[in-house]
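Any value given below was found using the heavy atoms of this structure, including those in side chains, with hydrogens, waters and symmetry copies removed. Naming convention: chains lettered A, B, ... in sequence-line order (proteins, then strands); numbering from 1 in each chain.
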Protein chains: 4
Amino acid sequence: MKNRIGNIFSLTSFGESHGPAMGGVIDGMPAGVPINLDDIQFFVNRRRPGQSSVTSARAEADRVHVLSGVFEGVTLGTPIGFVVYNEDQHSSDYDALKDCYRPSHADFTYEAKFGRRDHRGGGRASARETVSRVVAGAFAMQALNQMGITIRSKVIEAAGLPEPSPWYMEELIETIEDARRKGDTIGGCIRCIIHGVPAGLGEPVFDKLSAQLAYAMMSIPAAKAFEMGIGRDFARKMGSQVIDQFATADDGSITTLTNHSAGIQGGISNGQEICFDVTFKPVATLMRPLPTVDRQGNPVTLQPGGRHDVYVVPRALPIVEAMAAIVMLDNVLMNRASQI
Amino acid sequence: MKNRIGNIFSLTSFGESHGPAMGGVIDGMPAGVPINLDDIQFFVNRRRPGQSSVTSARAEADRVHVLSGVFEGVTLGTPIGFVVYNEDQHSSDYDALKDCYRPSHADFTYEAKFGRRDHRGGGRASARETVSRVVAGAFAMQALNQMGITIRSKVIEAAGLPEPSPWYMEELIETIEDARRKGDTIGGCIRCIIHGVPAGLGEPVFDKLSAQLAYAMMSIPAAKAFEMGIGRDFARKMGSQVIDQFATADDGSITTLTNHSAGIQGGISNGQEICFDVTFKPVATLMRPLPTVDRQGNPVTLQPGGRHDVYVVPRALPIVEAMAAIVMLDNVLMNRASQI
Amino acid sequence: MKNRIGNIFSLTSFGESHGPAMGGVIDGMPAGVPINLDDIQFFVNRRRPGQSSVTSARAEADRVHVLSGVFEGVTLGTPIGFVVYNEDQHSSDYDALKDCYRPSHADFTYEAKFGRRDHRGGGRASARETVSRVVAGAFAMQALNQMGITIRSKVIEAAGLPEPSPWYMEELIETIEDARRKGDTIGGCIRCIIHGVPAGLGEPVFDKLSAQLAYAMMSIPAAKAFEMGIGRDFARKMGSQVIDQFATADDGSITTLTNHSAGIQGGISNGQEICFDVTFKPVATLMRPLPTVDRQGNPVTLQPGGRHDVYVVPRALPIVEAMAAIVMLDNVLMNRASQI
Amino acid sequence: MKNRIGNIFSLTSFGESHGPAMGGVIDGMPAGVPINLDDIQFFVNRRRPGQSSVTSARAEADRVHVLSGVFEGVTLGTPIGFVVYNEDQHSSDYDALKDCYRPSHADFTYEAKFGRRDHRGGGRASARETVSRVVAGAFAMQALNQMGITIRSKVIEAAGLPEPSPWYMEELIETIEDARRKGDTIGGCIRCIIHGVPAGLGEPVFDKLSAQLAYAMMSIPAAKAFEMGIGRDFARKMGSQVIDQFATADDGSITTLTNHSAGIQGGISNGQEICFDVTFKPVATLMRPLPTVDRQGNPVTLQPGGRHDVYVVPRALPIVEAMAAIVMLDNVLMNRASQI
């Protein structure tokens with residue numbers, strides 16, 4: 001609980017954004033998985049700023065130091081400890097934030113909970129926390145790939161612009177530039193598809209695969225909605241429009257003609273593609289003067305400082321994939337105990 | 001895991017719809033809570049069929065037998081075991097289903113997972129499973145009410161009809177009757193509001209309060225989407241439209257002028273109302289002949305049998321409230337360990 | 001935690017000795033295990049009083065009602081709910097105990113923890129609580145037996161009398177009769193041997209198989225010591241006297257010439273017999289007037305009432321075996337995730 | 001599970017003895033505890049070799065690097081990540097061990113479990129793993145001390161020599177020297193006493209305080225027996241010899257005249273001193289040629305190499321205290337949820 005996710009395959013993470021390092025312990029990684037550390041690093045690099053023309057270009061070297069659990073390129077079955085050092089934090093930039101609460105950030109709630117907080121940046125509430133998730137997800141992915149399970153994701157909507165539109169990218173860049181001029185920000189929605197999942201993963205009642213995925217996705221900073229398949233639109237459909245008729249495939253296996261269930265029936269995978277959407281709210285840090293209050297409740301105005309992103313949804317793609325990988329590997333392992 | 005939800009306050013449930021009984025163990029209920037068993041029963045009765053003019057009228061007595069943990073009307077701090085017996089199951093009605101897979105039900109996935117299933121009704125995948133959730137939620141609610149925390153919910157959309165419309169009920173009844181004639185079904189969406197929550201509940205990273213609520217809601221049968229506040233619409237807003245400005249209330253406490261965050265910032269409650277929506281797909285059992293396959297993959301046609309509901313979303317209201325109560329009480333107790 | 005034991009295979013138990021029933025939920029039982037309910041009942045009967053000439057003869061029918069998880073004689077993979085009703089509790093016998101604390105019972109500590117207690121008998125602290133353990137253990141045993149793992153136990157010491165002595169039983173009966181005359185009681189020690197365990201069970205660091213067995217045994221009421229193999233005597237040996245030399249068996253498998261390690265090395269089973277001892281303190285209920293205090297700290301004298309056992313260690317045999325079975329099945333299932 | 005201990009306050013550890021580092025994540029440390037890092041380091045230094053005249057003098061710098069969770073000298077309530085680097089491992093010393101199994105070590109069982117092992121030293125089975133326990137215990141201790149709970153331990157028996165003897169140290173040194181000449185080793189027994197524990201800690205059934213302590217102690221490498229109070233001797237006593245009579249202290253509080261229960265009744269602390277013994281087997285690495293087998297079952301002889309300790313029980317003192325501290329702090333926090 002608290003800073004741990006997973007039953008058999010689990011990540012326990014640590015780290016404040018402006019402390020010495022982020023990191024974690026991956027427990028329950030099965031022995032015998034060949035690990036390519038370059039691929040781990042490559043996957044982690046995807047969440048850095050500056051990966052696309054529409055996100056910012058701030059350099060940030062997130063070198064992953066693996067401290068245990070891998071020997072001669074193969075997992076030992078023992079826990080994998082890892083550390084990613086924080087650099088160039090410029091903590092002094094944050095002195096102005098020490099005594100006041102940024103709107104829609106976690107400053108106020110952390111103090112309500114813990115009686116104190118690390119005021120330098122977001123501390124544990126910083127998006128930087130996700131680097132540990134991505135490392136763990138990258139390890140899980142290497143195990144899943146061995147089993148033929150692959151995970152991919154894409155942005156399907158940003159600032160209300162749906163992706164399939166031919167003018168999408170042009171309009172998006174314009175929207176971003178407009179928001180930047182106004183000191184405003186935008187959000188978006190990511191679709192994730194998991195391919196190659198065998199039927200039978202997930203638990204019937206509380207630990208439904210869909211419930212575990214919802215938990216994992218909604219734990220990502222700024223996530224606000226989770227939808228399986230057509231999601232909210234299920235409220236607008238007739239049953240006859242969304243049931244999936246069974247059929248027999250050429251190889252004799254049982255399949256479905258449609259996939260409205262998005263790969264999960266009764267909480268358990270049915271062998272079809274798993275598909276879900278995660279919506280992220282716009283970045284909460286606006287580049288404009290913002291009225292707020294200090295710890296004593298006195299009104300103060302926050303002046304914009306440093307430089308911040310207008311649009312960060314693409315940086316969430318590897319995080320969504322990583323969280324999906326953590327859930328899927330855990331369920332593959334859990335399912336080995338389903339039958340005698 | 002598996003059939004258990006909760007960290008400190010938890011429910012472990014059991015029961016197949018056509019076995020002898022449903023039930024569970026509520027562990028972690030604090031000692032000293034006065035329990036009104038009539039209120040528990042009243043709450044459980046809300047999920048029975050026949051509670052409103054738009055759901056079916058099948059009689060179903062779900063008497064809760066409390067077997068431990070309550071002494072002289074007060075909780076002992078020991079686990080609360082309870083049983084709700086199954087009656088009138090008419091298992092023979094289900095013989096036709098023994099060897100074939102109903103579309104969009106869990107028949108196929110259970111067999112994929114366990115190698116077998118109780119083919120009489122849905123077994124563990126039946127909506128009847130939720131009776132145990134409602135009992136546990138009713139107990140949690142009595143503890144929460146003592147702390148001033150209340151939970152209520154309502155249907156906000158059914159078959160695409162939004163609730164605030166003046167013609168809503170009239171149109172809904174017409175839609176239901178039309179669906180019934182065609183042997184079809186409809187889904188809907190429930191909004192849940194939690195009032196009186198102190199600031200500070202929820203854990204920063206994985207066990208965000210929003211993530212725990214998403215997990216709990218998506219574990220309810222037929223749940224397909226979970227949205228905090230405006231949910232999916234966050235992808236269509238600018239940051240300036242959805243940040244919540246802090247202010248000082250008349251009593252000196254810090255509050256927010258708006259509640260776009262829906263009561264949770266950085267995964268932790270901020271003292272405002274918590275608000276989320278849960279979407280349920282239409283009932284999967286259509287009252288019309290349905291093509292499917294049997295265990296060997298041969299095509300068969302299922303004939304409609306028994307009587308089934310066209311629209312069950314209102315019956316999910318106490319289930320949504322119960323799951324919310326389980327999560328909230330667990331977090332109240334967990335939070336007691338946040339500070340020395 | 002609290003009233004739950006086990007990771008994948010788990011028991012969550014409930015029940016006060018003088019409430020309506022004892023029971024529990026067995027979660028994580030794999031699907032496909034043929035269950036003989038008569039054998040379950042037979043195993044449970046072993047813990048009743050009156051099973052041997054040296055324990056008391058009070059009749060107590062502990063009929064196990066299985067409410068879910070078994071269908072057509074085979075486990076479904078779903079949770080197994082069960083109930084054992086309490087009968088003939090004669091709660092009025094206990095009125096005298098309402099306000100005072102019996103020495104070396106849990107009356108005082110329960111009130112310190114929970115602020116109240118069910119004063120009729122021991123409540124949750126009664127040895128009757130163990131009936132749920134024995135039911136769960138009986139189910140686990142049927143799965144283990146399918147895998148060739150067997151568990152047996154015996155009393156090796158009672159009231160200081162070692163079992164191998166030729167006059168053991170004669171002396172023991174004399175000791176018991178003498179104690180009964182004096183209103184006194186005796187304790188003893190049980191040895192448990194687990195046969196047929198494959199090498200590789202247990203986790204390297206905290207969840208060592210020996211640590212899990214110690215936890216399970218020390219959770220039994222009145223257990224006071226847990227020893228692997230020669231236990232305390234390891235402090236009196238030289239290393240050369242207790243290391244186990246490896247050798248190759250006739251079938252080519254690697255074995256050890258001795259078994260000082262008692263089947264576990266580095267926390268993981270090595271394929272040899274697992275052997276441990278559990279010591280139980282004498283029954284705390286003496287049949288003589290006992291000075292104590294009431295809730296306000298005033299001195300009072302407890303008068304002996306009802307009839308109580310002088311010596312109950314043999315009744316703990318099925319409890320020790322049951323707890324061992326719960327641990328072993330859990331570890332068999334956990335170990336399936338050790339390698340990719 | 002696996003590499004994690006604790007419910008609310010927990011340690012998840014990682015590290016192979018000859019990998020880059022040992023470390024872990026302490027989760028659930030409450031916010032607001034002042035931390036003295038020098039005292040943490042001092043406590044960790046106690047487990048190093050060379051701390052007494054009877055253990056070896058090998059230098060080993062175990063500098064603890066705290067990476068998160070402490071800010072301006074006080075805990076934040078967020079997880080505490082820490083790393084202790086491994087130095088001077090001389091991995092080449094271990095090449096001879098690559099393909100053969102050292103008697104009474106975990107080489108064979110790790111391979112049985114994981115299909116492979118890090119053959120350089122003990123890997124995860126090395127006693128070096130305990131450094132992470134000691135770090136976590138040192139943090140727990142600082143929180144406990146604030147509450148008036150203190151923990152201390154001492155060796156009470158070594159090589160069969162009881163500590164109270166006036167000639168103990170002289171005889172012990174002679175025994176050690178004799179063992180060293182013969183390439184042999186000795187074990188011993190540690191007594192741990194926990195003072196200042198409030199009544200009410202521990203859970204009634206499985207998570208008895210005694211069961212949790214047994215688990216924690218038996219998870220320490222080489223631990224072979226756990227005894228509450230007089231332990232195994234309870235099998236040799238009459239009930240009248242070991243019950244604890246209640247009495248009222250001068251300050252009006254309820255106490256006991258004796259403490260045979262060793263501070264725990266019915267699994268819950270009663271406010272008296274908690275006292276238990278842990279027995280450690282002799283070091284398994286003998287300094288003499290040892291017959292064993294290789295991976296293929298062929299007989300080989302291990303030649304003694306490097307230098308190893310004859311007697312290491314005093315180095316286990318801080319480990320026993322650390323594990324006790326982890327258990328006690330977890331139970332203090334858990335107990336906050338016992339009453340509404």
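Of the listed residues (A:Gln296, A:His260, A:Lys208, A:Glu129), the one with the most heavy-atom contacts under 4.5 Å to chain B is A:Lys208. Considering only heavy-atom pairs separated by less than 4.5 Å from chain B, the leading option among A:Val205, A:Val283, A:Thr175 is A:Val205. Note: B:Glu157 leads B:His105, B:Met228, B:Lys237, B:Glu157 in heavy-atom pairs under 4.5 Å with chain A. Between chain B and the residues A:Arg133, A:Lys281, A:Gln241, A:Gln212, the largest count of heavy-atom pairs under 4.5 Å involves A:Arg133. Most heavy-atom pairs under 4.5 Å with chain B: of the set A:Gly266, A:Pro103, A:Ala222, A:Ala211, this distinction falls to A:Ala211. In terms of heavy-atom pairs under 4.5 angstrom with chain A, the leader among B:Gly229, B:Gly239, B:Gly160 is B:Gly239. With chain B as partner, the option from A:Phe246, A:Tyr110, A:Phe114, A:Phe226 having the largest number of non-hydrogen pairs under 4.5 angstrom is A:Phe246. Note on B:Arg295, B:Arg102, B:Met238: by heavy-atom pairs under 4.5 Å with chain A, the leading option is B:Met238. Note on B:Ala199, B:Pro204, B:Ala125: by heavy-atom pairs under 4.5 Å with chain A, the leading option is B:Pro204. When the candidates B:Gly200, B:Ala235, B:Ser338, B:Gly297 are compared by the number of heavy-atom contacts under 4.5 Å with chain A, B:Ala235 comes out ahead. With chain B as the partner, the residue from A:Pro221, A:Pro291, A:Gly122 showing the most heavy-atom pairs under 4.5 Å is A:Pro291.
In this structure the side chain of A:Leu11 reaches within 4.5 angstrom of the side chain of B:Phe206, judged on heavy atoms. Counting only heavy atoms from C-beta outward, the side chains of A:Thr292 and B:Gln245 never approach each other to under 4.5 Å. Side-chain contact between B:Val242 and A:Pro282: present, with at least one pair of heavy atoms (C-beta onward) separated by less than 4.5 Å. Side-chain atoms of A:Lys113 and B:Gln339, non-hydrogen and from C-beta on, never get closer than 4.5 Å to each other. Contact check for A:Asp207 versus B:Ser219: no side-chain heavy atoms found under the 4.5 Å cut-off. Put simply, the side chain of A:Glu203 does not reach to within 4.5 Å of the side chain of B:Asn3, judged on heavy atoms.
The two residues A:Ala225 and B:Gly231 make their nearest non-hydrogen contact at CB-C, 3.7 Å.
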Carefully, step by step, assess A:Ser240 and B:Leu286 under the rule side chain to side chain contact (heavy atoms under 4.5 Å, CB included). CA-CA 7 Å; A:Ser240 59; B:Leu286 307 189; 4.0 Å; yes
Step-by-step salt bridge (charged side-chain N to carboxylate O under 4.0 Å, His left out) determination, A:Glu227 to B:Arg232: CA-CA 9 Å; A:Glu227 300 170 89; B:Arg232 179 64 178 256; 2.7 Å; yes
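Looking at A:Pro299, there are no atoms closer than 4.5 Å to chain B (heavy atoms on both sides), in backbone or side chain. Of the atoms belonging to A:Asp233, not a single heavy atom falls under 4.5 Å from chain B. Only the backbone of A:Ile264 comes within less than 4.5 Å of a heavy atom in chain B; its side chain stays farther off. If you measure heavy-atom distances from A:Thr255 to chain B, you find no contacts under 4.5 Å at all. Heavy-atom distances place the backbone of B:Ser269, and not its side chain, under 4.5 Å from chain A. In this structure, chain B has a heavy atom under 4.5 Å from the backbone of A:Asp294, while its side chain stays farther away. Of the two parts of A:Met217, neither the backbone nor the side chain holds a non-hydrogen atom closer than 4.5 Å to a non-hydrogen atom of chain B. For a residue to count as touching a neighbouring chain, one of its non-hydrogen atoms must lie under 4.5 Å from one of that chain's; by this rule A:Ile254 touches chain B with backbone and side chain alike. Of the atoms belonging to A:Ser104, heavy atoms from both backbone and side chain fall under 4.5 Å from chain B. Only the side chain of A:Arg288 comes within contact range of chain B, judged by heavy atoms closer than 4.5 Å. Within the 4.5 angstrom heavy-atom criterion, only backbone atoms of A:Ala247 (N, CA, C, O) approach chain B. For B:Leu302, no part sits under 4.5 Å from any heavy atom of chain A, backbone or side chain. With a threshold of 4.5 angstrom between heavy atoms, A:Ala158 approaches chain B through N, CA, C or O but not through any side-chain atom.
Taking the ring centroids of B:Phe280 and A:Phe234, they lie at or beyond the 6.0 Å cut-off.
In this structure a side-chain-to-backbone donor-acceptor pair under 3.5 Å is present from A:Thr109 to B:Gln265.
Counting only residues at least two apart or in different chains, salt bridge (Lys or Arg N to Asp or Glu O under 4.0 Å) contacts with residues 241-258 of chain B are absent.
In this structure, A:Met218 CE and B:Met218 CE are separated by 10.5 Å, a value rounded to the nearest 0.5 Å.
Along residues 182-190 of chain A, the residues that come nearer than 4.5 angstrom to chain B, judged on non-hydrogen atoms, are A:Asp184, A:Thr185, A:Ile186, A:Gly187, A:Gly188, A:Cys189 in order of number.
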